[in-house]
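In this text, all values refer to a predicted model and were calculated from it rather than measured experimentally.
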Amino acid sequence: MMMTDPVSIARRRILEPANLTDADLDRLLGMLIGPTVDAADLYFQTSRLESWILEDGIIKDGNFSIEQGAGMRVISGEKTGFAYSDELRLPILAQAANAARAIARQGQCATTRIGTVSHPQQLYHPIDPIVSLPDPEKIALLKRVDAEARRADPRVCEVVASVVAVQDTILVLADDGSLAADVRPLVRLNVNVVVESDGRREQGSAGGGARADLGYFLMEDRAMSFAREAVRLAVTNLEAGEAPAGTMTVVLGSGWPGVLLHEAVGHGLEGDFNRKGSSAFAGRIGERVAAPGVTVVDDGTLPGRRGSLNMDDEGTMTQRTVLIEDGILRGYLQDKLNARLTGTRSTGNGRRESYAHLPMPRMTNTYMLAGDRDPEEIIASVDQGLYAVNFGGGQVDITSGKFVFSASEAYLIERGKIGRSVKGATLIGNGPDVLTRVSMIGNDLRLDDGVGTCGKEGQSVPVGVGQPTLRIDGLTVGGTQT
Amino acid sequence: MPIDSTEETSQRLARLMQTVEDLLKEAKQRGATAAEASVGSSAGLEISVRLGSVETVEHTRDNGLGVTVYFGHRKGSATTSDLSTTALREAVRAACSIATHTQEDPCAHLADAALMATDLPDLDLYHPWPLEVAEAITIATECEDAARGYDARIVNSEGASLSSHTGIKVYGNSHGFVAGYPTSRHGLSCAVIGQQGQSLQRDHWWTSARAPTDLTAARVVGERAAERTVARLGARRIETCSVPVLFRAEIATGLVRSLMSVIQGANIYRRTSFLLDRIGERVFPEFVRIHEEPLLPRGLSSAPFDGDGVATRSKDLISDGILQTYILDSYSACRLGMQTTGNAGGVRNLRVQMGELDRNGLLREMHTGLLVTELMGHGVNPVTGDYSRGAAGFWVEGGVIQYPVEEITIAGNLKRMYAGLVGIGNDCDYDGSTRTGSWLIDSMTIAGE
């Protein structure tokens, strides 16, 4: 019988092919720790990715990729030494361990033994999504997506569709001898269409994903609904007029518009920025940063979600962390380093893009809990404003607190009714006070479709966002119509 | 194939070229009618200091291999970070397996053999820096100290970082073309935080070069980071209005990048560009010239051949304000029925012809408007040219900076912004592969209070 617990899988997939034994790991860890060392870890990873792309009606290209390696980290006080290698040979790993250890020069190497093996939660199964569908079925899926998009509207002139499956296997050995592993599936399907009518062109994109197998896209008509959604967005934008410019009441739709929370408060509550005092939220725990009724959480434990993890990249179990409770700032997101330096505990948010990157506090799934207002009542309450339901990405300046997020589907609200559609526009606000302007919270909490990728200091990780419909009294809309 | 970091560069280059030959041979043995492969290997040191103490010391070491196989006009590709013989075989096998499922694409083939680079000039791109950790710390500390000591309002720091990398890239294909070269890149950056009342602001500066001797002095980098941070203190909002906008030089590069994106082959054949069928037509006023110089010695993105093995050449992309060419690789050129421009992998070293005016001259020319020094977000629609981004900068009246501005957006349409370009400065003062002075645009909508 095949062993299906993550540690066994990780041993078999990473350590055994490289002929690395437990004694080798003990030796490497022993080289990292010592009297002047506060923390150390070894991170092994193998990541396999397969992608297929359809363009111009044909399956144009496919790619298969394997990345593997090991990162060694040594922390002494606030200093971190780090080295990595994509070769898993013991002499090369020992060289990397020495380089990482040089940060804490004094003291002898210590000895350690692999002790406890931790068994994290199972929010997703240790499956291989790449083999979850035969190749001809992946191709047939993309062709159906293409046909569905072209069928949805005669103005569709280009369709690009892609499907990506990733299996990421990681093994973390911490300085206390604890060994933990996680096998992380991730799938994603994307559709981009161009529509053309009377010389005017527009594009629309839709997609989704999860920590699941590729069968996810066959269920609940998902793939086909992404195709129709991309066409609907493109056609809507084809008819959109100029967006307004200035500060106004904005109603944000449920789901992906939760990128607001990610940018406006999420990053500002990451432990590293707060320890260093570089965040506009530093030192504000216990203060009011949002209107009463606003509760924001970061939850890495939602089964199957793109932003979820059985454990973070330091081997800490993920959890649900309350960031803002009824408008009051309650907590920060921590990794081990920042938790230790600020006398608190890791919240299971220590994440890294790969073995070649250092962990830091990162979000998982960040969302606002539902309120009690009917979304239609919220729109009806606005005399003049903007209703923004779809967004592209966003960005934040942690220190000044200013953040942006770009609407890709928006409508004017006139006398309580949804009016004409307007072109995409960037919205800008101030993180520490934008949530104090939330005046109505919908009862329709929804999470995004599983498309979010967050970038921080050059590292990308998959994340989720969500929120109910929200009314915000005063957000600056960057249109052209004055 | 393990690469020892102490191995001589020429030996490493020879070994990586052999790896490419092996990949091509393996592909042929598996029945591919054509193949291409690239291999890269790099190593480096990155250190950061914060508030006078070392924060991180990182030793980097990266390998990568990519192979694309063609069976007639069907293709498949694979990549891996593992350069061992086993991994190499596995990559070729995976690429071949994918090619059994992809479909006939008449444009799926190598670039013409006749276009392969034959002359490989030495572009002076390799200047390794035998940098010790202690020396790196000294330099970064000097940089951060200069920033922290610049002004009493600098109250905190995100630190200074020094990095030094060397690498080798090799590309080959079944036309018999196999070539590679070593490169180096070094950089120093610094970011500090200033405070005035309750308001905190952060800004940064950087330097980057192929040779360590070409880097801006550490003290200067630190002082500029501090100068920029202090200048932002006391920023306020302004009222919604339509005014001229001056994009400071390092920010104006974004307008050049947006242009490159909409004249890039894939966006043309996918019809996701507002500049379809516009070659030979006016996009900018007559004074605008944008030139690509891929063979520039020590250039930050110089390369003797492109990602298809095709010789790179210098050319005007815009001259007299007129669009001269799209940016094409072999595939997109085929799709458009055109010739490749040697731009597989992108454009290399853009030079925007400088104008007569320095920054103060441009401010006087603008008279009243907004000087933009930071942009946020990605609000550029390549299909329509619609442009809307978060911004920070300075309000200007009578040609003189009045006060810093934040939490505003600037919006317009790139088509009209390019046509409405009033002037380009001679004030290029940053390190980067795209070099331009500041751009003065006649009018944009500012959304504020």
Under a 4.5 Å heavy-atom cut-off, does chain A meet the side chain of B:E104, its backbone, both or neither? backbone

Can you confirm whether more than 12 heavy atoms, excluding those of B:E239, are under 6.0 Å from its CD atom? no

Find out whether A:F64 and B:R93 are in side-chain contact, i.e. whether some heavy atom of one side chain is under 4.5 Å from a heavy atom of the other. no

Test your reading of the model: is there a side-chain donor-acceptor pair from B:Q103 to the backbone of A:I59, 3.5 Å cut-off? yes

Mind checking whether A:Q203 and B:P382 have side chains closer than 4.5 Å, heavy atoms only? yes

For the candidates B:D62, B:T272, B:T68, which exhibits the highest count of non-hydrogen atom pairs separated by less than 4.5 Å from chain A? B:D62

Rounded distance [0.5 Å steps], OG in B:S81 versus CD1 in A:I66: 8.5 Å

What part of B:T56 is in contact with chain A, defined as an atom under 4.5 angstrom from a non-hydrogen atom: side chain, backbone, both or neither? both

Does any non-hydrogen side-chain atom of B:T384 lie less than 4.5 Å from one of A:R201? no

Taking the side chain as every heavy atom from C-beta outward, state whether B:D82 and A:E67 have any pair of such atoms under 4.5 Å apart. no

Chain B interface, residue from A:R200, A:Q481, A:K423 that has the most non-hydrogen pairs under 4.5 Å: A:K423

Regarding A:K402 and B:E406, does a basic nitrogen lie under 4.0 Å from an acidic carboxylate oxygen? yes

State, yes or no, whether a side-chain contact exists between B:T60 and A:Y84 at a heavy-atom distance under 4.5 Å. yes

Heavy-atom pairs under 4.5 Å with chain A are the metric here; pick the option from B:R74, B:K75, B:R270 that has the most. B:R270

So A:T399 and B:Q201, side chain to side chain contact (heavy atoms under 4.5 Å, CB included) or not? Walk me through it. CA-CA 6 Å; A:T399 304; B:Q201 295 287 346; 5.6 Å; no

Answer key: most heavy-atom pairs under 4.5 Å with chain B among A:R73, A:M248, A:K138, A:E158 is A:E158

Kindly compute the distance separating CZ (B:R50) from OG (A:S278), expressed to the nearest 0.5 Å. 7.0 Å

Residue pair A:E55 / B:Y331: nearest heavy atoms and the distance that separates them: OE2-OH, 4.4 Å

Measuring from B:I410:CD1 to A:T426:OG1, what's the distance to the nearest 0.5 Å? 10.0 Å

For A:V74, is it the side chain, the backbone, both or neither that has a heavy atom under 4.5 Å from a heavy atom of chain B? neither

I want to check something: taking the side chain as every heavy atom from C-beta on, are B:H101 and A:W52 in contact at a cut-off of under 4.5 Å? yes

With a 4.0 Å cut-off on N to O distance, would you call A:K79 and B:E55 a salt bridge? no

State plainly whether the residues B:E158 and A:K276 are in salt-bridge range, i.e. N to O under 4.0 Å. no

Nearest 0.5 Å please: distance from the NE2 atom of B:H378 over to the OG atom of A:S406. 7.0 Å

Below 4.5 Å from any heavy atom of chain B, which atoms of A:E263 appear? Answer side chain, backbone, both or neither. neither

Specify which of B:T100, B:I408, B:I47 makes the most heavy-atom pairs with chain A at under 4.5 Å. B:I408

Atom pair CG (B:N63) and OG (A:S85), whose distance is rounded to the nearest 0.5 Å: 8.0 Å

Would you mind checking if B:R232 and A:D397 are paired as a salt bridge, meaning a charged N to carboxylate O distance below 4.0 Å? yes

Between B:H59 and A:A99, which heavy-atom pair has the shortest distance, and what is it? CD2-CB, 3.5 Å

Closest non-hydrogen atom pair, B:A447 against A:G246: CB-N, 3.5 Å

Any idea which heavy atoms bring A:T482 and B:S242 closest together, and the distance? CG2-OG, 4.3 Å

Which atoms of B:S273 are under 4.5 Å from chain A, going by heavy atoms: the side chain, the backbone, both sets, or neither? backbone

Considering only heavy atoms, which portion of B:Y269 lies under 4.5 Å from any heavy atom of chain A: side chain, backbone, both, or neither? both

For A:F391, which atoms come within 4.5 Å of any heavy atom of chain B: side chain, backbone, both, or neither? neither

With the side chain counted from C-beta on, respond yes when A:E202 and B:N381 share a heavy-atom pair under 4.5 Å apart, and no when they do not. yes

Which atoms of B:A91 come close to chain A, meaning under 4.5 Å heavy atom to heavy atom: side chain ones, backbone ones, both, or neither? neither

Salt-bridge test for A:D56 and B:R335: reply yes if a basic N is under 4.0 Å from a carboxylate O, no otherwise. yes

Carefully, step by step, assess A:N63 and B:T79 under the rule side chain to side chain contact (heavy atoms under 4.5 Å, CB included). CA-CA 8 Å; A:N63 183 61; B:T79 55; 3.9 Å; yes

Which residue out of B:I98, B:T80, B:T409 racks up the most heavy-atom pairs below 4.5 Å with chain A? B:I98

Can you find a pair of side-chain heavy atoms, one from B:E58 and one from A:L358, that are under 4.5 Å apart? yes

Tell me whether B:T445 contacts the main-chain N or O of A:T480 through its side chain, where contact means a donor paired with an acceptor under 3.5 Å. yes

Return the option, out of A:L49, A:D135, A:V477, A:I58, with the maximum number of heavy-atom pairs under 4.5 Å with chain B. A:I58

Over all heavy atoms of both residues, which pair between B:S77 and A:D61 is shortest? Give the atoms and the distance, please. OG-OD1, 3.8 Å

To the nearest 0.5 Å, atom CD1 of A:I398 lies from atom CG of B:L200 at 12.0 Å

Ranking B:A411, B:S97, B:A95, B:A78 by heavy-atom pairs under 4.5 Å to chain A gives rank one to B:A78

Between A:D86 and B:R61, is there a salt bridge with N-O shorter than 4.0 Å? no

Most heavy-atom pairs under 4.5 Å with chain A, out of B:N413, B:N156, B:I446, B:T86, belong to B:N156

Contacting moiety of A:F405, where chain B heavy atoms sit under 4.5 Å: neither

Lys/Arg N to Asp/Glu carboxylate O, A:K60 vs B:D105, below 4.0 Å: no

